[in-house]
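What you see is a predicted model; the values in this text were computed from it and never measured.
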Amino acid sequence: MAFANLFEIALGAILVNNFIFSQFLGICPFMGVSKKIDTAMGMGMAVIFVMGVASAVCWPINQLLLNLNLDFMQTVVFILVIASLVQFVEMFLQKAMPALYQALGVYLPLITTNCAVLGVVLQNTQNNYDFIQSVVYGVTGGVGFLLAIVLFASVRERLEFSECPKAFEGFPIALVTAGLMALAFLGFSGLKVF
């Protein structure tokens with residue numbers, strides 16, 4: 001396994017093929033939890049954990065069980081694994097960090113249906129990644145999610161105090177901002193590793 005290959009996967013997941021800005025997966029928690037940097041950071045960390053562990057758990061399940069002519073069950077099995085992981089994260093946050101648990105609210109259980117988390121495990125199988133590549137892609141895909149949501153939250157915090165036309169106040173200016181950030185991330189599309 002070449003380090004360059006892992007670096008290419010990581011760079012691709014964080015910048016070039018960012019789940020939010022390039023693949024448009026995980027938009028619901030991205031828009032819902034990005035009003036404050038601290039809640040965005042908490043959601044990003046939870047997504048990193050769930051994406052990384054889901055990639056590590058789903059890879060052997062896919063290789064040892066689903067590749068035995070059970071490929072049609074991938075989505076169902078992967079959603080069950082992700083739901084179990086999110087339940088674990090939710091219980092941990094409720095006990096260890098109750099303020100963050102309250103701030104994330106309904107968006108924490110929505111990680112179960114976050115298409116970015118499901119997308120990472122499905123893309124691992126489509127790209128035929130081995131175990132290490134799958135985990136790297138899962139963790140760095142979560143880092144890309146964290147980067148996107150924290151950058152967006154910092155912009156949204158500043159937008160609270162800026163003047164904009166009445167028609168753009170609130171959610172519309174957030175959508176325009178997200179679109180402009182996606183265009184900015186499009187600049188990474190021609191990035192080559194070596």
Side-chain angles (χ1 to χ4, degrees), residues 6 8-34 39-94 100-101 104-153 178 181-182 185:
L6 292 178
E8 184 178 350
I9 290 170
L11 198 59
I14 295 170
L15 298 175
V16 179
N17 296 316
N18 185 287
F19 279 95
I20 298 289
F21 293 135
S22 296
Q23 299 181 39
F24 306 108
L25 298 174
I27 299 294
C28 177
F30 172 73
M31 295 302 289
V33 186
S34 60
T39 56
M41 187 74 105
M43 174 61 92
M45 297 303 281
V47 168
I48 289 172
F49 177 78
V50 171
M51 279 184 160
V53 175
S55 295
V57 171
C58 289
W59 187 86
I61 290 172
N62 185 57
Q63 293 298 314
L64 301 173
L65 181 66
L66 298 177
N67 277 348
L68 303 173
N69 293 326
L70 294 173
D71 292 340
F72 63 94
M73 294 292 291
Q74 271 184 343
T75 305
V76 174
V77 171
F78 291 165
I79 288 175
L80 289 173
V81 169
I82 292 166
S84 302
L85 291 171
V86 170
Q87 195 67 32
F88 171 74
V89 169
E90 192 172 359
M91 289 186 310
F92 173 76
L93 287 179
Q94 191 173 14
L100 179 59
Y101 175 79
L104 292 175
V106 71
Y107 293 100
L108 186 59
L110 283 178
I111 294 176
T112 301
T113 58
N114 185 344
C115 52
V117 178
L118 180 60
V120 77
V121 293
L122 289 174
Q123 287 178 13
N124 283 337
T125 61
Q126 287 174 350
N127 295 334
N128 292 322
Y129 286 154
D130 62 23
F131 181 76
I132 301 294
Q133 291 171 325
S134 294
V135 173
V136 166
Y137 187 63
V139 170
T140 57
V143 170
F145 184 91
L146 173 74
L147 176 69
I149 199 168
V150 168
L151 286 174
F152 188 58
M181 291 179 78
F185 266 71

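In terms of modelled atom types and a separation under 3.5 Å, the side chain of Asn127 and the main chain of Tyr129 share no donor-acceptor contact. When atom types are taken as modelled, the side chain of Ser34 and the backbone of Ile149 share no donor-acceptor pair closer than 3.5 angstrom. Using a distance-only test at 3.5 Å, with no hydrogens or angles considered, a donor-acceptor pair links the side chain of Thr125 to the main chain of Leu122. The closest donor-acceptor contact from the side chain of Gln133 to the backbone of Asp130 lies under 3.5 Å. Under the 3.5 Å distance criterion, the side-chain polar atoms of Asn17 are left unmatched by any main-chain donor or acceptor of Ala13.
Pairing each heavy atom of Val50 with each of Leu85, the nearest pair is O-CD1, 4.1 Å. Nearest heavy-atom pair, Ser22 versus Val16, reported as atom, atom and distance to 0.1 Å: OG-O, 2.9 Å. The two residues Ile14 and Thr140 come nearest to each other via the heavy atoms CG1-O, 3.4 Å. Looking at every heavy atom in both residues, Leu6 comes nearest to Val136 through O-CG1, 3.9 Å. Heavy atoms only, all atoms of each residue included: Leu146 and Ala40 are closest at CD1-O, 4.3 Å. Residues Val120 and Gly138 approach most closely at CG2-CA, 3.6 Å, considering heavy atoms.
For the residue pair Gln23 and Asn18, no side-chain donor N or O sits within less than 3.5 Å of a side-chain acceptor on the partner. Side-chain N/O atoms of Ser55 and Asn124 include a donor and acceptor closer than 3.5 Å.
Atoms CD1 and CD, on Ile61 and Gln74 in that order, are 11.5 Å from each other to the nearest 0.5 Å. Taking CE of Met51 as the reference point, atom CD1 of Ile82 lies at 9.0 Å (rounded to 0.5 Å). Atoms CG and OG, from Asn62 and Ser134 in turn, are 8.5 Å apart once rounded to the nearest 0.5 Å. Here CD of Gln94 is found 12.0 Å from CG of Leu100. Values are rounded to the nearest 0.5 Å. Interatomic distance, OH of Tyr101 versus CE of Met91, reported as 10.5 Å (0.5 Å rounding). Within the model, atoms CG of Asp71 and OG1 of Thr75 stand 10.5 Å from one another, a figure rounded to the nearest 0.5 Å.
For the pair Leu25/Ile20, no side-chain contact is recorded, criterion being any heavy-atom separation below 4.5 Å from C-beta on. At least one side-chain heavy atom of Phe78 sits under 4.5 Å from a side-chain heavy atom of Leu66. Side-chain atoms of Leu70 and Phe72, non-hydrogen and from C-beta on, do get closer than 4.5 Å to each other.
At most 12 heavy atoms of other shown residues, nucleotides or ligands fall within 6.0 angstrom of atom CE in Met45. Residue Met41 places its CE atom among 12 or fewer non-hydrogen atoms of other residues, nucleotides or ligands, all under 6.0 Å distant.
Taking the six-membered ring for Trp, Phe21 and Phe145 have ring centres at least 6.0 Å apart.
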message: Does Phe30 form a side chain to side chain contact (heavy atoms under 4.5 Å, CB included) with Met43? I'd like the steps, not just the answer.
response: CA-CA 9 Å; Phe30 172 73; Met43 174 61 92; over 6 Å; no

